[in-house]
Amino acid sequence: MDDFTQMIKLLESAKQLADMNQLPMLAYFVEMAKAETRGHRTTLRERRRGQDKNQDKIEKIQAAE
């Protein structure tokens with residue numbers, strides 16, 4: 001599972017909890033966080049389970065050698 005999918009699921013759960021507890025401001029902030037996450041979708045899709053982007057570059061360089 002990539003970081004984007006994991007983060008969206010977590011934010012959706014947080015929004016459901018905020019809605020259930022009648023916390024509209026928190027639900028609003030969670031929606032804003034989801035929008036921000038969608039803005040970084042391509043970067044987050046490249047990563048797998050918190051992998052550092054620099055680690056991916058190092059692995060590619062080592063594979064090329």
Side-chain angles (χ1 to χ4, degrees):
M1 178 182 301
D2 57 25
D3 284 355
F4 174 76
T5 305
Q6 194 172 17
M7 199 171 296
I8 289 294
K9 285 183 178 184
L10 178 67
L11 290 168
E12 286 173 355
S13 295
K15 184 174 183 310
Q16 287 176 353
L17 284 171
D19 287 338
M20 284 190 328
N21 290 308
Q22 299 176 349
L23 299 169
M25 198 63 172
L26 180 58
Y28 170 76
F29 286 136
V30 170
E31 280 298 318
M32 296 302 292
K34 282 174 64 176
E36 185 71 20
T37 301
R38 287 185 186 106
H40 297 283
R41 180 180 304 184
T42 55
T43 303
L44 293 169
R45 287 249 187 234
E46 293 172 1
R47 300 181 194 171
R48 299 277 182 229
R49 291 191 183 212
Q51 233 180 3
D52 187 22
K53 192 174 184 180
N54 292 331
Q55 182 66 31
D56 291 341
K57 289 179 183 177
I58 292 168
E59 289 173 1
K60 287 178 185 177
I61 291 170
Q62 289 174 345
E65 294 174 349

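The structure presented is a predicted model; accordingly, all values stated were derived computationally and were not measured.
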Q: Look up atom CG in Leu11 and atom CD in Gln6, then write down how far apart they are to the nearest 0.5 Å.
A: 11.0 Å
Q: Considering non-hydrogen atoms only, spot the tightest contact between Phe4 and Arg41 and give its length.
A: CZ-NE, 3.4 Å
Q) Just wondering, more than 12 heavy atoms not from Glu31 lying within 6.0 Å of its CD? A) yes
Q. About how many Å separate OG1 of Thr37 and NZ of Lys34, when rounded to the nearest 0.5 Å?
A. 9.5 Å
(Q) I'd like to know if Met25 and Met32 are part of one continuous hydrophobic network [Ile/Leu/Val/Met/Phe/Trp/Tyr, side-chain heavy atoms within less than 4.5 Å]. (A) yes
Q: Please report the closest heavy-atom contact between Ala27 and Ala18, naming both atoms and the distance.
A: N-CB, 3.7 Å
Q: First locate atom CD of Gln22, then atom CE of Met20, and finally report the distance between them rounded to the nearest 0.5 Å.
A: 11.0 Å
